[in-house]
Amino acid sequence: MTQVTKKIEFYEIFTLRIARFIYFCGEKPMDNMTNKLTIKAFNHVAIQISDIEKSRAFYSETLGLEEIPAPAFDYPVVWLSLGNGREVHLIGRKPEATFTPVRSNHFALEVSDIYLAEKMLKENGANCLPIKSRPDGILQLFLTDPDGNFIELCQM
């Protein structure tokens with residue numbers, strides 16, 4: 001499998017979970033009787049990071065996401081495409097800001113083959129926890145980005 005094929009495969013795996021979320025939680029008509037908010041679609045996930053270049057490399061090279069143009073903020077940002085207008089926004093933060101990432105704060109992406117995803121991630125030096133099965137039988141693997149933010153990959 002070539003590097004380009006790996007990136008395309010991982011990109012497809014990465015976006016599948018977001019696509020399913022959008023399908024089930026996508027645009028709903030406004031209920032005028034109860035004035036319910038209309039959510040049109042999932043747009044982006046913003047992740048606070050400390051080293052813009054390390055994170056750019058992790059999300060673009062290890063996870064295979066394509067960098068896209070971002071507005072000119074007064075702090076460093078990198079925007080990456082998940083496809084179909086869905087994005088990951090990496091937000092640079094001051095080094096003195098501290099937080100402790102916890103596994104319960106994460107975003108999840110569905111993959112078609114969790115064992116292949118684990119192999120590809122490990123080959124790219126990603127920090128992965130062992131694959132485990134949830135009580136409902138869904139396989140999941142947690143990994144961290146360069147700042148320790150958790151990302152879950154799951155196989156339905």
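Index from 1, following the sequence.
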Testing the basics here: between Val77 and Pro71, what is the closest heavy-atom pair and its distance to 0.1 Å?
CG2-O, 4.1 Å
Nearest 0.5 angstrom please: Glu67 CD to Leu65 CG, how far?
10.5 Å
Could you pull out the closest heavy-atom pair between Asp145 and Ile49, with the gap in Å?
OD2-CG2, 4.2 Å
Say you draw a straight line from SG of Cys128 to CE of Met120; how long is it, rounded to the nearest 0.5 Å?
11.5 Å
To the nearest 0.5 Å, what is the distance between CG on Leu129 and CD on Gln140?
10.0 Å
To the nearest 0.5 Å, tell me how far Trp79 CH2 sits from Glu87 CD.
6.0 Å
I'd like to know if the side chain of Gln155 reaches the main chain of Ile114, judged simply by a donor and an acceptor atom lying under 3.5 Å from each other, with no hydrogens or angles considered.
yes
Are any side-chain N or O atoms of Asp147 and backbone N or O atoms of Ser50, one a donor and one an acceptor, separated by less than 3.5 Å?
yes
What distance separates Ile91 CD1 from Tyr75 OH, expressed to the nearest 0.5 Å?
5.0 Å
Here the pair of heavy atoms bringing Cys154 nearest to Glu152 is CB-OE2, 3.6 Å
To the nearest 0.5 angstrom, please state how far the CZ atom of Arg86 sits from the NE2 atom of His44.
12.5 Å
State which residue, out of Val45, Ile47, Leu63, fulfils the side-chain contact (heavy atoms from CB on, under 4.5 Å) condition with Ile151.
Leu63
Heavy-atom closest pair (Ala126 atom, Phe58 atom, distance to 0.1 Å) is CB-CE1, 4.3 Å
With side-chain contact (heavy atoms from CB on, under 4.5 Å) as the criterion, how do Val88 and Leu82 come out once you've worked through the C-alpha distance, each side chain's angles and the decisive distance to 0.1 Å?
CA-CA 7 Å; Val88 173; Leu82 292 168; 4.1 Å; yes
